[in-house]
Amino acid sequence: RRGVGETLLSDAAICGERARKRECVRKLRRAESSDERAVEEARAGRDERVAVRGWRASVEMSANPLSQVMSRALEALVRSDSRNGDRVSRVLVLGATGKTGSLVVEALRELAPALSVSAGSRSARDNADVAWDSQVDRVAVDVTDIKSITDAVRKTQPDAIVWAVGSRTPREVDAEGVAKAVAVFGDSPAGKRLRANQARVLFDFASNGRAHERFSPLDDVIMGGVSASRVERDPVEKGGLGAAFRGYVSLEQNGGFCQARAQWSRMSPLNLSGFDGIELTVRGDGRRYKVNLKNTSEPEFVFQASFDTSAGQLQRVRLPFADFLPTKRGKLAYTDGSELFSDALELSNITALSLVVSKIDTSGMANAAFVPGEFQLELGSINAYRAITPRFVLLSSAAVTRPFWSEEDKAAYAFASAIPIVKLNPGNVLGEKLRGEDAVRASGLPYCVIRATGLNDKEQPAGSQLVLTQGDRAVGRIHRRDLARGIAYALQSSSAAFKTFEIESKPPRAMQTPQEIESDFRRLELDSRIQMYPEH
């Protein structure tokens, strides 16, 4: 508090307002006396929102420059503390005595020696047979028993979990065991802290029956078109997600867009500093939609990012702020100078957030996925999220979706669908692994799902180039030691979070540098589908 106070006093002096400087001192003293407990809890990373409310109440937000400086500084303090409190310092590796799991422990000790690593296996006897250094804690855990998992998590208090469990009982381990581990970790202090700090709820349509009222239509009728839209309640108890953006979009009279907009005043804008993107929980109709953010008074100037929906499928869409492009009247706003775009998105001063369906894409070109007619985008929530490293890394298998491919896809990708594991699928092992993946994706925890191709330590040399792909069409091999290093790298990279991908190695090329692997993680697409296992 003393450091923050000195900084705020300096800011006040810069403003040249000595009277307000004295007022700042008075309010800071009042904050210290009335909200000391709330601030201490925020510093411990236990309740970010309590601290924000407490400080804001004492600062008494207003439109004057000094109050804005104080608000930004205090919010930055809370964000900094919450991020520091969520750094990974303890990792629990489940399946640690297996061929791959033991190598994961070794890779973590080598690549991240500051981490405290706990090795979990079914029995203490299994642990005793593996020679790790003295810094590795050993814990017995039965991944089919939720009480055993709970005891292990309480004992080790991990900030992250790596699942590297092999099994001969797919349903009990690969599906139900993963679901139990995710649930236990989500209810742990670390899991609760993650959920509290990694996102800021902007609109919770499922819980707040009036959240949809913040949105007003702004359709092409303002330009002479005939399209019409609305955001209305879509009750959860009746099968909805909470709200829905519905309407009819038409090309008649040079129209072609519908927009639903929520606004904040210029005196009290939405401040998303410290966050990294917008997250939406939606169920769409197969159309492409856009999100607009506005932080300037210039008419028709917004920042846009688009996303595709799959008809009838629940999706969690993440749009990094870096993907929002400046546009004016549907065209990208370029510059004539050295910078590519004319403006950068100022996150501290957002005055509008809109949902859009349009004939024009974010590129300024025609939207190839646009079809005039009725549309519906169901809305569960809209949040601001922080980029964070994965906290549940799941080792799964390539080919998990292939038993459920359409006949057309099986024929088109016969090289991937005709391999023995797909044809045999003993005990529905691929399907059960996919169920486990779905449990991780639906958890709300920062995760990474790594689908290994064929494990081969005899013919596949270690230290080979790692190849990361998506779409579940990879057919290849990988040495377990290389797989373990890939898992260790993913655990430390925020670019790997909320992503599912296949991994194989390609000799004779050598393994990439950590910086090159980080670039490979960044090129991967974020997951949007929550459930991949077919319902029927």
Side-chain angles (χ1 to χ4, degrees), residues 203 212-234 243-266 270 278 280 282-312 315 317 319 321 323-336 339-346 350-379 382 528:
F203 301 97
H212 66 283
E213 297 176 2
R214 286 290 309 278
F215 288 82
S216 302
L218 187 66
D219 304 324
D220 60 23
V221 293
I222 62 175
M223 302 170 58
V226 298
S227 302
S229 70
R230 62 197 182 279
V231 176
E232 56 189 8
R233 193 181 176 204
D234 193 20
F245 175 37
R246 297 188 176 110
Y248 183 89
V249 61
S250 171
L251 294 174
E252 294 181 20
Q253 300 183 32
N254 294 321
F257 74 87
C258 287
Q259 179 177 179
R261 182 176 65 180
Q263 294 182 281
W264 291 262
S265 71
R266 294 179 188 173
L270 176 64
I278 296 293
L280 305 94
V282 300
R283 185 161 53 214
D285 52 7
R287 291 177 178 270
R288 178 173 297 165
Y289 292 87
K290 297 189 289 188
V291 173
N292 286 1
L293 297 176
K294 187 174 183 63
N295 65 353
T296 174
S297 59
E298 184 176 352
E300 300 181 69
F301 191 98
V302 296
F303 292 82
Q304 293 185 335
S306 63
F307 63 95
D308 292 321
T309 63
S310 299
Q315 296 176 260
V317 177
L319 302 173
F321 288 133
D323 290 352
F324 281 77
L325 301 179
T327 63
K328 185 171 184 178
R329 295 175 185 154
K331 296 182 180 180
L332 289 176
Y334 293 107
T335 66
D336 296 328
E339 297 293 330
L340 179 60
F341 297 114
S342 62
D343 291 81
L345 179 59
E346 174 53 59
I350 293 174
T351 57
L353 181 152
S354 304
L355 302 170
V356 184
V357 57
S358 174
K359 66 181 180 181
I360 304 298
D361 208 344
T362 51
S363 62
M365 307 294 288
N367 178 2
F370 178 81
V371 177
E374 294 184 355
F375 66 89
Q376 174 174 287
L377 180 67
E378 296 179 65
L379 305 167
I382 301 177
S528 62

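The first residue of the sequence shown is numbered 1, and numbering continues consecutively from there. Worth saying up front: this structure is predicted, and the values here are computed from it rather than measured.
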- Item | Minimum heavy-atom distance Lys290-Ser306, with the two atoms named | CG-CB, 3.9 Å

- Message: For the backbone of Ala311 and the side chain of Asp285, can you confirm whether one donor and one acceptor N or O come within less than 3.5 Å of each other?
- Response: no

- Query: Side-chain contact, heavy-atom cut-off 4.5 Å: Val291 with Leu280?
  - Reply: yes

- Message: Test: side-chain hydrogen bond (donor to acceptor under 3.5 Å, both in side chains). Region: residues 250-264. Which pairs qualify, not counting sequence neighbours?
- Response: Gln259-Ser354

- Test log, rule side-chain contact (heavy atoms from CB on, under 4.5 Å), inputs Val302 and Leu293: CA-CA 6 Å; Val302 296; Leu293 297 176; over 6 Å; no

- To the nearest 0.5 Å, how far apart are CZ in Arg233 and NE2 in His212? 7.5 Å

- Note on the structure: Correct closest heavy-atom pair for Leu218 and Phe257 would be O-CE1, 3.4 Å

- Query: Among all residues two or more places apart in sequence or in another chain, which pass the ring pair (Phe, Tyr, Trp, His ring centres under 6.0 Å) test with Phe303?
  - Reply: Phe301

- Message: Testing the basics here: between Val317 and Ser528, what is the closest heavy-atom pair and its distance to 0.1 Å?
- Response: CG2-CB, 4.5 Å

- Query: Stepwise, does the side-chain contact (heavy atoms from CB on, under 4.5 Å) test hold for Ile382 with Ile278?
  - Reply: CA-CA 7 Å; Ile382 301 177; Ile278 296 293; 4.0 Å; yes

- Contacts of type side-chain hydrogen bond (donor to acceptor under 3.5 Å, both in side chains), residue Glu374, not counting sequence neighbours: none

- State the CD1-CG distance between Ile350 and Asn292, to the nearest 0.5 angstrom. 11.5 Å

- How would you list, by chain and number, every residue that makes a salt bridge (charged side-chain N to carboxylate O under 4.0 Å, His left out) with Lys328, sequence neighbours excluded? Glu298

- Residues two or more places apart in sequence or in another chain: which of them pass side-chain hydrogen bond (donor to acceptor under 3.5 Å, both in side chains) with Asn295? none

- Query: Are the side chains of Leu325 and Gln304 in touch, meaning some heavy atoms are under 4.5 Å apart?
  - Reply: no

- Message: side-chain contact (heavy atoms from CB on, under 4.5 Å), that's the test. Do Leu355 and Leu379 meet it? Break it down for me.
- Response: CA-CA 10 Å; Leu355 302 170; Leu379 305 167; 3.7 Å; yes

- All salt bridge (charged side-chain N to carboxylate O under 4.0 Å, His left out) counterparts of Glu346, not counting sequence neighbours: none

- Polar contact flag, side-chain donor to acceptor under 3.5 angstrom, Ser227-Asp219: no

Enumerate, atom names and distances included, each donor-acceptor pair closer than 3.5 Å involving a side-chain atom of residues 356-366, sequence neighbours excluded.
{"from": "Ser358", "atom 1": "OG", "to": "Ile360", "atom 2": "N", "distance (Å)": "3.0"}
{"from": "Ser358", "atom 1": "OG", "to": "Ile360", "atom 2": "O", "distance (Å)": "3.4"}
{"from": "Lys359", "atom 1": "NZ", "to": "Gly255", "atom 2": "O", "distance (Å)": "3.0"}
{"from": "Asp361", "atom 1": "OD2", "to": "Arg288", "atom 2": "NH1", "distance (Å)": "2.7"}
{"from": "Ser363", "atom 1": "OG", "to": "Met365", "atom 2": "N", "distance (Å)": "3.2"}

- For Ala262 and Phe203, which heavy atoms make the closest approach, and how far apart are they? CB-CZ, 3.7 Å

- Closest non-hydrogen atom pair, Ser229 against Pro217: O-CB, 3.5 Å

- Message: Please enumerate all residues that pass side-chain hydrogen bond (donor to acceptor under 3.5 Å, both in side chains) together with Thr327, with sequence neighbours excluded.
- Response: none

- Task: Quick one: list whatever passes ring pair (Phe, Tyr, Trp, His ring centres under 6.0 Å) with Phe375, sequence neighbours left out.
- Result: Phe245

- Task: State which residues pass salt bridge (charged side-chain N to carboxylate O under 4.0 Å, His left out) with Asp323; sequence neighbours excluded, sorted by chain then number.
- Result: none

- Message: Before you tell me yes or no, could you show the steps for Phe370 and Val249 under side-chain contact (heavy atoms from CB on, under 4.5 Å), namely the whole-Å CA-CA distance, both residues' side-chain angles and the distance that decides it to 0.1 Å?
- Response: CA-CA 10 Å; Phe370 178 81; Val249 61; 3.8 Å; yes

- Calculate, to the nearest 0.5 Å, the distance between atoms OG1 and CD belonging to Thr309 and Glu378 respectively. 10.5 Å

- Applying side-chain hydrogen bond (donor to acceptor under 3.5 Å, both in side chains), name anything that partners Arg230, two or more places apart in sequence or on another chain. Glu232

- Query: How long is the span from the CZ atom in Phe307 to the CG atom in Leu319, to the nearest 0.5 Å?
  - Reply: 6.5 Å

- Message: Before you tell me yes or no, could you show the steps for Arg287 and Asp308 under salt bridge (Lys or Arg N to Asp or Glu O under 4.0 Å), namely the whole-Å CA-CA distance, both residues' side-chain angles and the distance that decides it to 0.1 Å?
- Response: CA-CA 6 Å; Arg287 291 177 178 270; Asp308 292 321; over 6 Å; no

- Task: Under the side-chain contact (heavy atoms from CB on, under 4.5 Å) rule, collect the residues that match up with Thr351, sequence neighbours excluded.
- Result: Arg266, Pro269, Lys294

- If you round to the nearest 0.5 Å, how far is CD of Glu300 from NZ of Lys331? 11.5 Å

